[in-house]
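To start, the structure itself, in structure tokens.
Counting starts at 1 for both ligands and their atoms, in listed order. Any value given below was found using the heavy atoms of this structure, including those in side chains, with hydrogens, waters and symmetry copies removed.
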Amino acid sequence: MMLIRQGTLVSAGGLRRADILVAGEHILAVEDAIRDDDLAVLRARHGLPNGATQIIDAAGLLIFPGLIDVHVHAREPGAEHKEDWHSVTCAAVAGGVTTVLAMPNTAPAVTDAPSFAHTLSLAQRKAVCDFGLYLGATNANQRVAEQAPDLGECGLKIYMGSSTGDLLVQDFEPQYEHFAHYPHDRVIAVHAEHEPAVQYFARRGVRRPPICAELETARAITLARHCERPVHICHLSTRREIELVREAKSRGARVTCEATPHHLFLTLDYELQSGARLSDDDARPLFQMNPPLRELADLDALWDNLDVIDCIATDHAPHTLEEKRSAHPPSGVPGLETLLPLLLTAASGEYGPARLGLADIARLCCEGPARVFGLARKGRIAPGFDADLTLVDPDAAWFIGDKAIFSKCGWTPFTGWRARGAVSRTFVRGRLAFDGQTVVAPPGSGRHVNPNG
Ligand code: DOR
Ligand code: ZN
């Protein structure tokens with residue numbers, strides 16, 4: 001048993017000073033103060049053997065439920081030179097993330113039972129945190145859930161617009177059939193950029209302007225409403241999309257959405273903390289991603305409408321610096337290690353007005369993701385839940401880039417940013433995975449999570 005004493009627990013409902021008792025992989029009790037006599041009572045009540053209780057003093061620390069990042073590119077199989085299942089999950093636990101949901105745009109892509117089984121076996125061998133896997137939609141696999149009903153995927157990802165990899169379902173017919181056929185109690189997650197618009201503007205030298213995202217987000221919502229099924233809009237980036245989601249939700253549509261840290265902290269022209277220009281030629285390819293960075297008004301719209309947003313997800317998309325600086329840079333930036341530090345810093349109010357509170361972080365990175373993806377034992381610190389716990393020193397002041405980067409890509413778009421708040425320990429199902437410096441969990445300790453499982 002493990003007793004974590006005197007930490008400040010953070011939930012969507014607020015903050016509470018409490019002790020947490022962990023037995024094996026689960027949380028056994030959360031109480032104001034658990035004394036030695038209580039331990040004996042709890043042991044007897046739960047039929048647990050007498051034995052040493054490991055005591056962890058968490059006074060002065062914040063304790064979040066382990067963060068759940070619902071949008072991660074693990075790169076394995078196919079691009080292990082920039083990330084693999086071990087490095088991506090090391091980056092996760094170093095960032096306080098205890099569950100990652102991995103996108104299917106690998107090589108080969110995860111689009112059927114054999115490719116799912118292959119990726120699952122790689123992840124099971126190497127992961128140091130828990131993980132889910134998306135199935136990817138193609139123009140031909142509209143019946144994938146009927147053919148392979150028991151994979152336990154976390155959802156179906158549809159690239160309605162093109163991005164890294166070759167998954168693309170841009171035409172009405174296969175899109176409609178996926179929305180109609182994929183089980184209505186599971187989530188379809190969409191990359192919503194309208195491919196004809198993307199191509200039209202590309203021919204004119206303009207990279208994916210807001211109308212591309214707005215058109216396809218409107219289409220995804222319309223399809224979901226028509227089919228009376230849930231849809232999750234990935235990486236919302238514009239004011240208009242926020243309005244569309246707000247309106248759909250107000251009418252009871254089963255629409256959820258996520259925003260990324262890069263769309264919350266970076267704009268097309270400059271990064272928010274220092275005001276450094278991003279528009280010079282050296283920086284531009286590093287900050288290229290799909291959907292791209294936007295204007296300040298869009299960024300403000302995301303912050304001003306956090307209540308409409310269900311999850312903050314990183315879209316952790318590692319590419320090497322060499323690739324990013326090449327003639328044809330790939331799109332995407334890493335994000336797992338900077339997610340929580342950036343949000344803690346934003347909540348601290350230290351380097352600008354506080355744009356969210358600690359409770360918002362728990363809602364957007366823990367409870368919201370667990371709710372949207374049906375992860376019944378995750379996202380909260382309560383008896384019976386998995387003992388996924390992220391301990392944070394709220395006072396630590398440091399510069400991003402100071403600490404070791406665990407992602408194989410070895411860089412972050414936030415290097416040089418001042419951070420207030422650092423992950424001091426990460427537990428995955430009761431096991432210490434990151435001790436503040438080093439990843440201590442062995443490869444293979446991460447487990448596949450099934451929705452509603
Ligand atoms: O910028 C992006 N990179 N957006 C995506 O949709 C995919 C991702 C990747 O896999 O590189
Ligand atoms: Zn992505």
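For the 3.5 Å distance criterion, the side chains of Asn141 and Thr111 fail to qualify, holding no donor opposite an acceptor. Judged by distance alone, the side chains of His319 and Arg75 do bring a donor and an acceptor atom under 3.5 Å apart. Between the side chains of Glu350 and Thr345, no donor-acceptor pair is found at a separation under 3.5 Å.
Using a 4.5 Å heavy-atom threshold, the side chains of His81 and Glu323 count as touching.
Using the six-membered ring where Trp is involved, Tyr176 and His226 have ring planes that are tilted, between 30° and 60° apart.
Looking at His319 against ligand 1, only its side chain comes within 4.0 Å, counting heavy atoms.
Note: no N/O pair closer than 3.5 Å links Tyr159 and ligand 1 by distance alone. Where the criterion is an N or O separation shorter than 3.5 Å, residue side chain and backbone included, His73 meets it with respect to ligand 1. For ligand 1, the polar-atom distance check finds no N/O of Met289 at less than 3.5 Å from any of the ligand's N/O atoms.
The residue from Asp315, Asn105, Asn290, Thr260 that puts a heavy atom closest to atom 1 (O) of ligand 1 is Asn290. In the candidate list Gly161, Ala317, Ala74, Ser162, Ala317 is nearest to atom 8 (C) of ligand 1, counting heavy atoms.
From the protein, the heavy atom lying nearest to atom 6 (O) of ligand 1 is Ser163 OG, 2.9 Å. When hydrogens are left out, the protein atom nearest atom 9 (C) of ligand 1 is Thr164 OG1, 3.1 Å; that is the closest non-hydrogen contact. Among protein heavy atoms, the minimum distance from atom 3 (N) of ligand 1 is reached at Ser331 O, 3.0 Å.
A search for ring-ring contact (aromatic ring centres under 6.0 Å, His included) contacts involving His73 returns His71, not counting sequence neighbours.
Here His71 reaches the Zn ion (ligand 2): one of its N/O/S atoms is less than 2.8 Å from the metal. Residue His191 does not count as close to the Zn ion (ligand 2), with no N, O or S atom under 2.8 Å.
Note on ligand 1: Arg75 sits in its first shell, one or more heavy atoms being nearer than 4.0 Å.
Under the side-chain contact (heavy atoms from CB on, under 4.5 Å) rule, Tyr159 has a single partner from Gln170, Met103, Glu193, which is Met103.
Around NE2 of His184, the count of heavy atoms belonging to other residues, nucleotides or ligands within 6.0 Å exceeds 12.
Cation-pi geometry between Arg203 and Tyr200 is not satisfied (NZ or CZ under 6.0 Å from the ring centre, within 45° of the ring normal).
For Asp315, the N, O or S atom closest to the Zn ion (ligand 2) goes by the atom name OD1. The N, O or S atom of His73 with the smallest distance to the Zn ion (ligand 2) is NE2.
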Steps toward salt bridge (charged side-chain N to carboxylate O under 4.0 Å, His left out) verdict (Glu243, Arg239): CA-CA 6 Å; Glu243 288 167 4; Arg239 176 185 293 276; 5.1 Å; no

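Those atoms of ligand 1 with a heavy atom of His191 less than 4.0 angstrom away are 6 (O).
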